[in-house]
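Numbered from 1 within each chain, the chains take letters A, B, ... in sequence-line order. The structure displayed is predicted, hence computed values, not measured ones.
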Amino acid sequence: MKILLTGAKIIDPAQKIDADMDVLLENGKIVKIGSDLLKSVKSKDSEKVKIIELAGMVLTPGLIDMHTHLREPGFEYKETVASGAAAAVAGGFTSIACMPNTSPINDNRSITEFIRRKAAEADLANVYPIGAISKNSEGSQLTEFWDLKDAGVVALSDDGKPVMDAALMRRAMEYAFSLELPIISHCEDINLSGGGLMNEGYYSTILGLGGIPSIAEEAMVARDILIAEFTKTCVHIAHVSTEGSVRLVREAKKRGLRVTAETAPHYFTLTDEYLQGYDTNLKVNPPLRSTQDVAAIKEGLADGTLDVIACDHAPHGRTDKELEFEYADNGISGLETSLALSLNLIKEEVLSWPELIAKMSPNPARILNLSKGTLQVGADADITVIDPQLKWTVDVKTFRSRGKNSPFHGRKMQGKAILTIVGGEIKYVLPSLKV
Amino acid sequence: MTENRNIKIVMDSDGIDRCLTRIAYEILEKNKGKENLVLVGIRTGGVYLAERLQKKISGIEAGKIPLGILDITLYRDDISTSNKKPRLGKTKITFSLDNKKVVLVDDVLFTGRTIRAAMDALIDFGRPKMIQLAVLIDRGHRELPIRADFVGKNLPSSLWEAVSVNLVEKNGIDEVVIEEGT
Amino acid sequence: MKLEKKDILGMKDLTVEEINLILETAESFLEISTREIKKVPTLRGKTIINLFYEASTRTRTSFEIAGKRLSADTVNISASTSSVIKGETLIDTARNLEAMNPDVIVIRHSAAGAPHLLASLVKQSIINAGDGAHEHPTQALLDMMTIKEKKGKISGLKVAIVGDITHSRVARSNIYGLSKMGAQVFLAGPATMLPRNIEQMGVKVYNKLEDAIVGADVVMMLRIQLERQKQNIFPSLREYSQHYCLNRSNIKRAKKDVIVMHPGPINRGVEISPDIADDPSYSVILDQVNKGVAVRMALLYLLTGGNE
Ligand SMILES: [Zn+2]
């Protein structure tokens, strides 16, 4: 089966392409990219080629989300591998990497294999499991990195919890480095954040909610950078939310350290000021920060300090969120709103199209050592087509994800993935689009 | 708005004063003196009239009789169903009502509901020997079996007319006016 | 006159006009408590639910008396927070209560924002009787009523609030209320008890009690919670009381006619020395309790209405 995608503007940062071109897919691979493929295809074998006309659209290498929480096994009411993968392709993501904080924790081969099997059955997005750094993510004993890697994990993290023991983190970074597995660090000093529910500042003060100081994140970012420097290894900082963290990563990069970092759409879209109605859909960890932090995150994205935009997709059931703020779970169901929120960065002239796509496809691919994130001939035919003009309103009822916990419900958006192709097969198409 | 309204003055300052003088005499006559007599004015118009009656009575028989102020808002029968809450006034009855002859004073007697509320309130303050009612104007249209013992002037009115007693203490002028409702 | 609000969630949401209306109404209600028959028929047939997730005999009793003096039926529901987490959620409770069709629900909860959640779920009026470290509007209103009675005004007064501001809903509500009414608020406490950016609320902040109470018309002492010692916000009660206890000597820095307030219950000798707490020329602590019933009667009166 051949597919010809024609008439779209192609953005492929890996090949520095930013032009109107056609792409021909065959047997799950990209076989041709160039201008005016339509004529040659039409003249030769038009019957056997599915031609999709995409005038006005933007075509990019399939988007990759390197920070997703699928809740299977253990919390299937929040999300399954299949529902998460469906949400991913609806949001324009062809690949997702899922964090290990399921129940049981993905700290051994059998859980990793279970997740991969579920993903294969769903047959939607590529799902790459991330293994736990420590057994049961308890922070005391390393998991079997080698075995996990053989089973298919692409990175290691105790995400949801920090690795509080610096010695354990040092050993993890050294051991993982020798296996070429990235360590993704959830940076939070839980003694500093303990009892906190939102960013510590004026709004936590007037709302009477316990504060999580920015230094709870920054102290750990600094620590992990120091460990990476000392051990000559690398580390990836998850969900950067503060001005101080951006500064620490920027300085580390300037000194040539192998530190990479991501942020999530809510950290450049929302501030702690929004929490005044005690909406639990705004409860996330790390918490929404100040206006000043949001500005710093955007600067970090613009100057390349922050390599990746990741969703930190954290789906929850109603019973986890329809509670007093204090008792509600942390997280935002983000896969289906991430792209539109990120496109705002182009409108605000924080990023160009190629810069944004780099942070959502080739950069995460590089960090996770995936041979993805490009439209080069011979690459996997993972493709996202975006209608940058499409105006829509977020309605959680239409989410593919089981997690309806979105603070963006009702928000007017512009720009949406209308077609998601994984391995040469159409996995999502906007219902109103005829293909 | 006001220029189109039909306002008629039905009693002037002298008229009001004459009525009050007569009522003061009638109160003393009916009660055979001022022994055990107390006045309770209903907020707000009744309070000023009660004060004037107190003065007039002491002019006839030496010595002041006790005067109380009653706000009947909390006893109104429409209070729990109405969304507009009247601004609450203070009630001030600093003496015992037990075995007293209480003369309730109000400006206009209309449906009788205010007086019903006032009597309920008074009974919460003690057990008066009797309760009498003095009003400046009785405009009719009673909805409860209540009548006044002392009336300044009977003023037959229609339901769409408004009767108001203006007093120097609150309106700067003494007069009773009747106007067509809008 | 009517309060144009369904709920009383905090002093932050009240306007000066609304505060004045509540205080004036409460002043009229004070008299009822002095009568032999301390009851008026105003709210006959109305039902008030006191939903208390946190033990508080004082506040609950005050609301109960307020309701009963207005002839409302009052129902007390005590729920321990721990059983709530495991079992029935606030949302379940709210739906159940709503089905019983009360007129007002009074809620006390250890979690900040719980009254807001409840108010968003049910059509009935909600009165916040204290939520976590957030707000305690009825306490602030009774404090303001006491100040107004003793000082004849609120505007232009200097009010010092001393103690653990971070964990105090009484402090937050009073800061909002008093500032709106034109008073100047001064805070004092060790830095560990002063929440971040509190000065943005328009208050002056000091670390020493002696500095904050200079020239004060009112000194409000907050209760220190012993269990906070575990969070290391103070090393010991002994050290705290040596520096933050209002006593005969440091009170001289305040105005001569200063009044001393406390939301209760007092730790005698920790926040206030016993001779100050019991000296009627300073202490208005019992007046505060008395005003509490009147303020709560006023709110119940102003919030309940018909179905027009
Ligand atoms: Zn995390």
Side-chain angles (χ1 to χ4, degrees), chain B residues 38 40-47 50 66-100 102 104 111-129 131 144 146 170, chain C residues 1-6 8 17-18 20-48 66-73 101-104 123-125 145 149 294-308:
Chain B
V38 303
V40 173
I42 298 173
R43 260 187 201 280
T44 50
V47 176
L67 172 68
I69 296 171
L70 187 62
D71 185 283
I72 56 101
T73 309
L74 297 171
Y75 291 83
R76 278 171 54 164
D77 56 8
D78 57 351
I79 196 79
S80 66
T81 51
S82 111
N83 264 333
K84 284 228 164 62
K85 286 291 155 67
R87 197 173 267 266
L88 205 55
K90 285 198 183 82
T91 289
K92 213 161 135 189
I93 300 176
T94 53
F95 43 87
S96 165
L97 295 181
D98 288 347
N99 291 315
K100 292 287 181 341
V102 179
L104 265 177
T111 62
R113 289 180 189 272
T114 301
I115 306 305
R116 196 282 310 159
M119 288 194 289
D120 277 356
L122 284 184
I123 284 160
D124 278 357
F125 279 88
R127 188 179 181 282
K129 188 175 168 65
I131 299 176
L144 295 172
I146 281 170
K170 57 170 181 172
Chain C
M1 256 305 166
K2 203 214 165 200
L3 221 44
E4 295 295 328
K5 288 208 156 44
K6 175 172 99 69
I8 301 292
E17 292 71 34
E18 287 169 325
N20 275 323
L21 172 65
I22 295 165
L23 294 182
E24 278 162 28
T25 307
E27 280 156 20
S28 295
F29 274 116
L30 265 184
E31 177 264 339
I32 292 171
S33 301
T34 65
R35 295 183 193 174
E36 203 144 314
I37 296 175
K38 300 173 180 57
K39 202 178 180 96
V40 290
T42 318
L43 298 187
R44 229 167 29 180
K46 301 280 176 188
T47 304
I48 294 157
K68 288 191 163 149
R69 288 196 177 157
L70 288 167
S71 299
D73 296 312
N101 211 15
D103 297 279
V104 178
K123 60 178 185 290
Q124 284 84 7
S125 287
M145 189 177 171
E149 186 196 74
V295 156
R296 287 159 184 137
M297 284 172 85
L299 287 178
L300 293 174
Y301 168 73
L302 291 168
L303 283 178
T304 49
N307 312 308
E308 285 168 23

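Not one N or O on the side chain of B/R76 forms a donor-acceptor pair closer than 3.5 Å with the backbone of C/T42. The backbone N or O of B/K90 sits less than 3.5 Å from a side-chain atom of B/R43, completing a donor-acceptor pair.
Contact of B/F125 with chain C is made through the side chain alone, with heavy-atom distances under 4.5 Å. With a 4.5 angstrom heavy-atom cutoff, C/L30 does not touch chain B via any of its atoms.
Listed here is the closest heavy atom pair of B/M119 and B/I146: CE-CD1, 4.0 Å.
Chain C forms more heavy-atom pairs under 4.5 Å with one residue of B/D71, B/D124, B/T91, B/L74 than with any other, namely B/L74. Highest contact tally toward chain B, considering only C/K38, C/E24, C/K39, C/R35, is held by C/R35 [criterion: heavy-atom pairs under 4.5 Å].
Taking 4.0 Å as the cut-off between side-chain N and carboxylate O, C/E31 and B/K92 do not count as a salt-bridged pair.
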